[in-house]
Undergrad: 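Mind looking over this structure? Questions follow.
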Number of protein chains: 2
Amino acid sequence: MTGFIIQNPTLEQCLKAVKMGIGARRLLIMLGELRVDYFGRGSSELDYGERLLIVKSDGSLLIHRPTNVEPVNWQPPGSLYRAYVKRGLLVLEAYRKRPEERVKVTFRRVSLVGVYHLKDEAEFKLYTAEEIMKKAFIKRPDLVEKGLRVVLEEKRLRAGLVDCFCVDSSNRPVVVEFKKDRASVEAVEQLSRYVDELRRGNPEVRGILVAPSITREALERARSLNLEYRRLDVRSCIRVLESIGESVKPLEYFEG
Amino acid sequence: MTGFIIQNPTLEQCLKAVKMGIGARRLLIMLGELRVDYFGRGSSELDYGERLLIVKSDGSLLIHRPTNVEPVNWQPPGSLYRAYVKRGLLVLEAYRKRPEERVKVTFRRVSLVGVYHLKDEAEFKLYTAEEIMKKAFIKRPDLVEKGLRVVLEEKRLRAGLVDCFCVDSSNRPVVVEFKKDRASVEAVEQLSRYVDELRRGNPEVRGILVAPSITREALERARSLNLEYRRLDVRSCIRVLESIGESVKPLEYFEG
DNA sequence: TTCTCAATTTCGTGG
DNA sequence: CCACGAAGTTGAGAA
């Protein structure tokens with residue numbers, strides 16, 4: 001990792017570092033007192049305050065306040081930049097075309113500016129909860145219902161992509177939809193759209209919503225739409241997969 | 001803004017700064033070569049690479065790679081921390097209960113550690129595209145249909161919050177729902193839930209989905225549910241509001 | 001490019 | 001604390 005950092009830089013030092021850092025596609029970090037104006041898909045305004053600004057090597061812009069995971073303002077990769085000094089203020093503009101959007105950052109004071117070149121080639125591996133549930137269900141359909149048989153691991157309908165298409169012990173088609181969290185009315189509606197489409201061809205089609213829990217409203221709506229609910233949580237699925245020797249998480253995790 | 005920064009710190013300096021920074025609810029910034037393991041709602045693994053780590057004063061954790069707006073790993077506000085040195089490696093663990101989640105960061109090298117106290121009291125003001133559309137519609141309902149009259153700017157139903165409740169020139173009730181982007185099947189379903197609820201009391205109730213465009217499937221579903229669609233885009237709304245002297249964006253914006 | 005859906009979504013608001 | 005819906009959602013994958 002190569003780079004440099006300047007504490008309490010002059011405006012000129014700062015402007016130079018910013019232009020160099022962004023131009024050379026480095027990571028730019030700035031701490032200072034700044035305001036932000038945004039206009040594009042929406043429109044926002046944020047008066048002066050002390051914040052952290054980051055420009056990444058792909059042109060992403062992030063402005064972080066002292067709290068929250070989400071940046072208060074941002075600009076996606078590929079944004080174009082313009083930096084200048086005007087009336088004693090350092091201005092950084094990030095521009096994006098399609099959709100047309102602009103973020104303008106005005107610094108009243110800069111406490112820190114840093115430019116670094118990061119090397120990061122590692123591959124990010126993620127297992128989502130729904131993947132885990134589905135994987136376990138495919139191995140052991142009886143987790144949801146005895147006699148169930150998986151026909152298709154996914155099925156594309158006009159209404160969307162069905163999680164699992166099965167038949168039950170009486171040969172009735174069954175659409176299975178997984179939710180890792182408590183199932184909401186939205187989830188029931190989604191399953192309903194799939195089942196509706198298939199019931200036009202065969203009114204016998206069943207729909208099962210599989211989730212660790214379900215809201216009262218969602219259960220009511222499911223009943224009125226003749227859909228079913230089965231309880232299943234991610235933790236049980238992990239146990240099942242581990243018991244049959246399937247890896248579901250990075251090994252050697254939290255040994256300490 | 002008060003704080004300090006250490007370049008190429010020793011492990012001990014680093015550990016001390018980390019504990020102090022997080023303990024005192026400051027902003028902690030670290031640049032170094034690190035790996036990340038996560039387990040909770042999902043599960044992820046990321047081998048060593050050069051990245052930026054941030055812990056905010058509310059306990060949020062962010063780990064950023066050199067590209068993308070989104071952090072590769074994170075932990076929400078209120079997380080609890082544990083830091084220690086083990087076999088020459090600096091480890092930082094962020095823990096969250098409910099849902100139970102852990103992020104473990106292992107540093108092989110630290111190039112920079114900084115601790116700062118930021119003061120940021122400003123209020124963030126955001127105008128969303130839907131707000132702009134609704135505002136324009138309330139001023140000029142004929143943007144959607146001649147003779148329409150707004151009765152309630154919002155109306156709470158069991159099914160949710162209706163954008164606008166109106167009556168048409170024949171005194172039929174009309175539910176209006178705005179979407180800033182191309183309207184999807186989801187949007188139609190949402191409007192359908194509102195209208196269904198009201199049609200139980202009065203089968204004459206109309207539902208109009210207002211959006212810049214609509215998908216083929218959504219339009220079909222709207223027709224089959226006896227709902228209507230009217231084209232309206234945000235840009236026209238902004239023009240309308242500006243023409244009647246309503247502010248829709250921060251003033252003095254991008255004067256240069 | 002456009003569309004469709006998932007996300008460790010996050011975030012706010014109302015009950 | 002739970003439920004629900006919006007977001008400048010972002011991001012990936014398929015048509």
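Note on naming: letters A, B, ... go to the chains in the order of the sequence lines (proteins, then strands), and numbering restarts at 1 for each one.
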Undergrad: Looking at dG8(D), dA6(D), dT1(C), which one has an atom nearest to any side-chain atom of E177(B)?
TA: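 Closest nucleotide among those given: dA6(D).
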Undergrad: Just wondering, do V210(A) and F137(A) contact through their side chains at under 4.5 Å, heavy atoms?
TA: no
Undergrad: If only atom types and distance count, is the side chain of Y38(B) paired as donor or acceptor with the main-chain N or O of R41(B) below 3.5 Å?
TA: yes
Undergrad: Any luck finding a side-chain donor-acceptor pair between S44(A) and N73(A) under 3.5 Å?
TA: yes
Undergrad: Find the distance I214(A):CD1 to dC4(D):P and express it as a whole number of Å.
TA: 10 Å
Undergrad: Return no unless some side-chain N or O of R102(A) is found under 4.0 Å from OP1 or OP2 of dG8(D).
TA: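 For dG8(D), OP1/OP2 do not have a side-chain N/O of R102(A) under 4.0 Å.
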Undergrad: Let me check something: any side-chain donor-acceptor pairs from residues 186-196 of chain A under 3.5 Å, sequence neighbours excluded? List them with distances.
TA:
residue, atom, partner, partner atom, Å
E186(A), OE2, R193(B), NH2, 2.9
E189(A), OE2, R221(A), NE, 2.6
E189(A), OE2, R221(A), NH2, 2.9
Q190(A), OE1, K179(A), NZ, 3.2
Q190(A), NE2, Y194(A), OH, 2.9
R193(A), NH2, E186(B), OE2, 2.7
Y194(A), OH, L161(A), O, 3.4

Undergrad: Are any side-chain N or O atoms of D58(B) and backbone N or O atoms of N68(A), one a donor and one an acceptor, separated by less than 3.5 Å?
TA: yes
Undergrad: Starting from the 5' end of DNA chain D, give me the residue, G42(A) or E217(A), whose nearest nucleotide shows up first.
TA: E217(A)
Undergrad: Which part of the nucleic acid, if any, lies within contact of K179(B), taking any heavy atom under 4.0 Å across all strands shown: a base, the sugar-phosphate backbone alone, or nothing?
TA: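 Contact class for K179(B): sugar-phosphate only.
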Undergrad: Quick one: is dC5(C) close enough that its OP1 or OP2 comes under 4.0 Å of any side-chain N or O from Q190(A)?
TA: no
Undergrad: Within a strict 4.5 Å, meaning less than it, do heavy atoms of the K125(B) and E123(B) side chains meet?
TA: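 Side chain of K125(B) against side chain of E123(B), heavy atoms only: contact under 4.5 Å found.
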Undergrad: Select one nucleotide: of dT9(D), dC4(D), dT9(C), the one nearest the side-chain heavy atoms of S184(A).
TA: dC4(D)
Undergrad: Looking for any heavy atom pair under 4.0 Å, which part of the strands does Q75(B) touch: base, sugar-phosphate only, or nothing?
TA: nothing
Undergrad: Both E130(A) and R182(B) contact DNA chain C. Which one's nearest nucleotide lies toward the 5' end?
TA: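 Mapping each residue to its closest nucleotide by heavy atoms, the 5'-most match is R182(B).
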Undergrad: Which parts of nucleotides 10-15 of chain C does protein reach within less than 4.0 Å, heavy atoms only, written one letter per nucleotide 5' to 3' as B for base, S for sugar-phosphate only and - for none?
TA: SS--SS
Undergrad: Looking only at side-chain N and O atoms, does K180(B) come under 4.0 Å of OP1 or OP2 in dT9(D)?
TA: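 It does, given that an N or O in the side chain of K180(B) lies less than 4.0 Å from OP1 or OP2 of dT9(D).
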Undergrad: Is the backbone of R65(A) close enough, under 3.5 Å, to the side chain of K56(B) for a donor and an acceptor to pair up by distance?
TA: yes
Undergrad: Under 4.5 Å between any side-chain heavy atoms of I132(B) and V234(B), yes or no?
TA: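 The answer is yes, as the side chains (C-beta and beyond) meet within the 4.5 Å cut-off.
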Undergrad: What I'd like to find out is whether the side chain of P141(A) reaches to under 4.5 Å of the side chain of V150(A), using heavy atoms alone.
TA: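 They are in contact (side-chain heavy atoms under 4.5 Å apart), so the answer is yes.
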Undergrad: Reading DNA chain D from 5' onward, which residue's closest nucleotide shows up sooner: R216(A) or V72(A)?
TA: R216(A)
Undergrad: Check every strand shown and say whether D181(A) touches a base, only sugar-phosphate, or nothing at a heavy-atom separation below 4.0 Å.
TA: sugar-phosphate
Undergrad: The side chain of T215(A) lies closest to which of these nucleotides: dA7(C), dG8(D), dC4(D)?
TA: dC4(D)
Undergrad: Taking only the P atom of each, what is the distance from dG8(D) to dC4(D) in whole angstrom?
TA: 22 Å
Undergrad: For residues 46-56 of chain B, which residues have at least one heavy atom under 4.0 Å from DNA chain C?
TA: none
Undergrad: Taking the side chain of E186(A) as heavy atoms from C-beta outward, which of dG8(D), dG5(D), dA7(C) is closest to it?
TA: dG5(D)
